[in-house]
Structures are given as C-alpha cells and as structure tokens.
Amino acid sequence: MATKAEFLDAIRSTTNHDEFKELHWTGSFGEYLDLVIGNPDVVRTAHQRVYDMIMSFGTEQITIGKRAVTKYNFFSDPLGDGEDAIFGLETMLSQFVDCFKAAAYGYGVEKRVLLLHGPVGSSKSTIVRLIKRGLEHYSRQPEGALYAFGWKVEEDGKEVFVPDPMHDEPLRLLPPEARARILDSLNSDRGDRYRLRVEGEASPVSRYYMKQLLAEYDGELDKVLEHIVVRRLVLSERDRVGIGTFQPKDEKNQDSTELTGDINYRKLAEYGSESDPRAFNFDGEFNIANRGVIEFIEVLKLDVAFLYDLLGASQEHNIKPKKFAQTYIDEVIIGHTNEPEYRKLMGNEMMEAFRDRTVKIDVPYNLRLENEIKIYEKDFRQDKVVKHIAPHTVEVAAMWAILTRLKESKGGQLSLLDKLKLYNGQSLERFTEENIKELREENPREGLEGISPRYIQDKISNALVRDYSSTCVNPFMVLNELEEGLKHHSLITSEELRQQYRKLLALAKEEYADILKNEVQRAIAADEEQIQRLCSNYIDNVKAYTQKEKVRNPYTGQEEEPDERLMRAIEEKIDVRDGAKDDFRREIMNYIGALAIEGKNFDYRMNPRLQRALEKKLFEDQKDSIKLTSLVSSVVDRDTQEKIDVIKSRLIKNFGYNEESATDALNYVASIFARGDVKSKD
Ligand SMILES: Nc1ncnc2c1ncn2[C@@H]1O[C@H](COP(=O)(O)OP(=O)(O)O)[C@@H](O)[C@H]1O
Ligand SMILES: [Mg+2]
C-alpha cells in the first residue's frame, strides 16, 4: 500500500493547469474573430466536426473477400481505455463514415436522421456511444475546439451574464451579409476540403438581446457585440452539453417538452408573456444536444407525434416547441432500431415519410470468427476474471454464435462449418476468397439473424459464476449454459429453430473435440529435442533427394538412398500429395539456402506447416508408448503417469491450460481414443 504523500502526488500530477486554462478560455467577440482567422475549423458544423474527429484517428486500407475497404481506426478503442471497440463490420462502418463525409460537404445527408438498423446486440448502441465519447474527447483537443457565447447585460441596475441557452456558435449572431463575407473569406483557400457553413438563426434568447441592444445603440452592431463574451465549449453528456440521449418511455408518460424544452412558469410570472424567450427553458434533449449529437434509442418506439418533431429537426434543422418560436439546431441525429421493430412498421404510412428522411444503415452481426472472438475476449480477458478460462472457451462459443447466423448455401456443397472457415479467411479446397462475394450475395439476410453477442456474453458470465466446484471454466461448461438458455430464449420463436440451434451446438462441440485432440497431440509431440532430431533427419534426406545424392547412415556409416518412406510419412501429415512433394522439398531447400547466405540456421519453427507435420509424425510414433487410453482407467503405472505429467506440464506451459483444465483435456482426448472413433485423417 502506498503512503498518503504518494496518493497526493498522484492526484497533483494528474491535474493539468494548462489544459484547464485552455478549456476555460474566454474572450471578446473580436478576440474570437482572431481565433477564427487562425483556425477557421472552429466554426465547423456538428457533422463536419464528427467527420474530422473520425478522420483524426487515421485510416488503413484492408481487403475483405477480395474487396478493398477503408478501415477507420476510430472504431478500434479510440480513447485507449479498452472501453469501446467495434470488431469487424468494416464495410458497414465505412458506409457510416461516408454519411458524415457527405453531410460535411453538404450533400444532403446533414438533413437526414441516421438510422442504425439491425438485429438485437449487433453493436448499434456501442457505435453511437463511440461517436458520443469520441466527440467529447475531441472537443477538448486543440484541433477539435469549438466556442459558445453569452451576454453581459444590465438587469435591474445590475450587470448579469446570460449564457446563450443553446451554447451556440458566436458567428450565428451576425446578419446574413456579414456572415457571408466572413465565410467566403474563410473558404477561399480550403482546396478540396468541405466548405464551412454557419446557417440558421441564433437562439430566441440571443435574438431577444440582440434586438434590445440594437435599439439601445441605434443599430450599431459593433456596440452590441461588445456585450458578447465568447468562451470555449467542452461537450459533455454528463453535463448535458452538446450530447443528448432520448429513450422512449411508455406512451402516457411521453411529453414532447422533454425533446424541445418547456415554458418556465416561475419566470413566466416575472416576464409576463409566454413568448418571452427569457421565460423558456431550453433544456429539451434537442436543445442541449446543439453543436453535437443526439441519440434516439429504439427510435421507432417513439410516439408518432415525436417522430414528426424528429423529422422537422433533421430536415429543417428546426425544432418547434409548443406555443413558442422555432429554434435552429445544428446537431447530428442518430437513431437506432432493432430489426423486428423496423419490419413491423414497414407498411405503416408514417414510416413512408420517415424512411424518406432517414439514411438507413444496416448493422449486421459479425460473420468472421476471429472478430467475434475479440468481442468476448474483451469482456473475459484472463486478467479481468478470477476463474481460469480454459483455452478455446471463448472461441467455441463464438463459433456457435457465427454458425447460427450462417445460411445454407444453395447446392449444399459447402457445409456450415466450412463456410465459417472460409469467411474467416481460410482457403478451402474448392472454395476461395473469390467465392465469398457470391456466397454473400446469395443470402443477403445472412448476418441479420441468429444469436446475439449479448446472449453469449450472458452465458459465459453464468458459467463463470456457477459453482462447478472447479477452478476453471471450459468450453463444455459454456456450451451447456448456451444449451440451457435456449429453453427460454425469448427471441427463439419456433421449436424448429431451437432444434436447429441445438444441432449447431453439437457441431461446435465436435469441432472443439477436434481442436482439443490436435492440441493434445502437439503437447505429446512437443519434445523439442525429438522434433529437432526428426527435423534434421528429414532435412538431410530432402537435401540428398533434391541433389540426387546419398545419405550417410549415422549408425552403420554407410551411404544409403534417401529414406523415401520417412519423408512421405511426414509430408502426408499435412496433405502434401505425391505429385507435389518435389515442389514442397525444393521450396524448403531454397529457404534453407537463402538463410545460409545470411549466415542463419534453419529452425523448424520457421515453417509452421513443417512443424505441424513433424509434430504429427512424432505423435504417431509415440501414441502407443504413451497409452493415453490408460488414462481413463483408474490404475496407471508409474511410467505412464510420468509421461502424462510431462504432457500436462506442456499443456500448461505452452498452451495456456491450468492444472485442472489440462487434466480435463487429457481425459477427454483419452476417452475419444478409448472409443476408437478417431477420424482417419488423424
Ligand atoms: N461487432 C462488434 N464489435 C464489438 N462488440 C460487439 C460487436 N457486436 C456486438 N458487440 C457487443 O455486444 C454487446 C451488445 O451490443 P449493443 O451495442 O448493446 O447492441 P445493440 O444496441 O445493437 O443491441 C455489447 O457488449 C457490444 O460491445
Ligand atoms: Mg441497443
């Protein structure tokens, strides 16, 4: 434990005075103009700012199934705190970013509701949360800075400060001609960047003061602007500044003032008129989200009246509270909806209007295993949970999740498991990445149905807390939880589907057994010295073979023909056909030759395929001597026990098992061998 002084030190060192000063900058209107000239980007619209925020994290070009896609780093844990990251979905995300780009350029998308649509648990909320948190962060950076203003005015003989209630852009105060002149100049050398725009009118409160003061100063705007204090604006959802969220409640409790603000009755008494903007609370969600983002959770569950508010807000950038002046807003409107909800409303007349004013972006489930695994690894990393998680636990659950999302292909020459592997980037014999595109087009709904990540997360977490009086959670335990849960899964509507999912669980279990068998084999064969020996033996023979020489037998000292049987026994383990053996051998020799030129030695680990082949061969040679099957019987002789202990420690050291999960794994594989149902390919 640290001392108090150390704690205080830690506190002090995390306080940043310079940053505090920056973020609390205030100045006159004139000083603000200096800032604008120095960095015109401070006047960006909300859409432009979000677009730049995303771009500020950089991009990468990747290919998915032979198609080039831009990957936006922003969606991969942008704040580096491991909180939010989207795995996969690159195609959808690049479509999403394109919306912001088009909106930044003013191509019309800035007048639409962005609607994320997809099955439950497809990361819609996560994507919006990322945008919101990203924008909060960006607004604190120098390159993301934006400004708001307030009025220094006299009231009842006292000087008071009245902040603009919409924390609006100061330039919005200017009359159209002045604004146009400034913007023209700011836009004069932007090259192919989007043009800056400051549209709409200032808030009713600011218009009120503007009118009052103009009258007072006989129309001299300069004098009026001397009442303006500009300040740096930091967006914060918690402080309800620039980031809003709206969630539909039950219909009776919904009130549109929550969105567009309300009359302040206490102040109404003071000011006497309902239309006096000083007697209005600009605290609706649309108001507070000005300059940033508003999120509509389950947007289609909103009352129809609200939907019309929403459409006006997006189309005209105006909100219209009851009995009050309309108010301009500049904010990104993102809604999300689950797929069943959307389909239910498809035929509805209201939806017609809604669809016309939204840009719908489908957020599917992952279909790529490696990405699905990352989702769960993020939550169940070993350093986050107390229990040991046996290797492949998350992988097997993820595999099942993907299987439930895949559709059988026409013709049926591709099993679901093979399809999963193909989508995961593995080449199969008759299918390649080229086929992925066709397969995806054959089933456009693939990825919009199936089991959600949330279900998997819940079941893994169940397995972790369930007391199996065990130190670890293994794939079987998770598969059991997954199966149990199917009985009362609310989204499974038919017995048929349930049966189908059960079958897929069995499939995942089978695949797991295969993986496990492989791993135990490798552990048995993982004696480095032995592999090394086998490897040099193999290489000696391959060398002699390719150079048409003889090999010297180390025991007899005689020159012999290369040992074809040995070479083939190894090569067959990784499916090198007889016709391809020459190529395979030459390739290895070339590689070794190239290494030699650099003065390096060959190590079998440099060639994973060869390594695998050597391991398999060694395993085959040792299988009988180890008597793995005797593990399942209760009496084990000392010699066998010793060998088993060695294997176990290799499983622990090289493959990430703990004592118990290694024992489980060995027992399970032993039982497979005992049953004798080992596939011929092993
Ligand atoms: N592609 C993905 N990448 C990262 N996490 C994901 C992905 N898909 C789903 N998740 C995770 O699944 C859970 C549900 O996601 P959520 O955003 O609440 O979904 P939705 O709003 O679509 O119902 C979250 O924990 C989320 O992080
Ligand atoms: Mg959600």
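In each ligand, atom 1 is the first atom listed, and ligand 1 is the first ligand listed. Since the model is a prediction, treat every value here as computed from it, not as a measurement.
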Verdict with reasoning, K407 to E449, per side chain to side chain contact (heavy atoms under 4.5 Å, CB included): CA-CA 10 Å; K407 306 247 184 256; E449 285 159 16; 2.6 Å; yes

Under 3.5 Å donor-acceptor, S661 side chain and Y657 backbone: no

Distance flag, aromatic centroids of Y107 and Y194, threshold under 6.0 Å: no

Heteroatoms of the protein, restricted to N/O/S, which lie under 2.8 Å from the Mg ion (ligand 2): S125 OG

Side-chain heavy-atom pair R612, R522 within 4.5 angstrom cut-off: yes

For ligand 1, the residues whose heavy atoms come within less than 4.0 Å (ordered by chain, then number): A85, I86, F87, L89, V120, G121, S122, S123, K124, S125, T126, N366, I375, P453, R454, Q457

Side-chain (R357) to main-chain (V113) donor-acceptor, under 3.5 angstrom: no

Donor-acceptor pairs are to be reported for all side-chain atoms of residues 80-98 against protein atoms at under 3.5 Å, with residues two or more places apart or in another chain.
from	atom 1	to	atom 2	distance (Å)
D81	OD1	E83	N	3.0
D81	OD2	R133	NH2	2.5
D84	OD1	R129	NE	3.3
D84	OD1	R129	NH2	2.9
D84	OD2	R129	NE	3.3
D84	OD2	R133	NH1	3.1
S94	OG	T91	O	3.3

pair K301-F296: side-chain heavy atoms closer than 4.5 Å: no

Aromatic ring pairing Y512/F476, orientation class (parallel under 30°, perpendicular over 60°, tilted between): perpendicular

Pairs touching residues 451-465 that satisfy salt bridge (charged side-chain N to carboxylate O under 4.0 Å, His left out), sequence neighbours left out: none

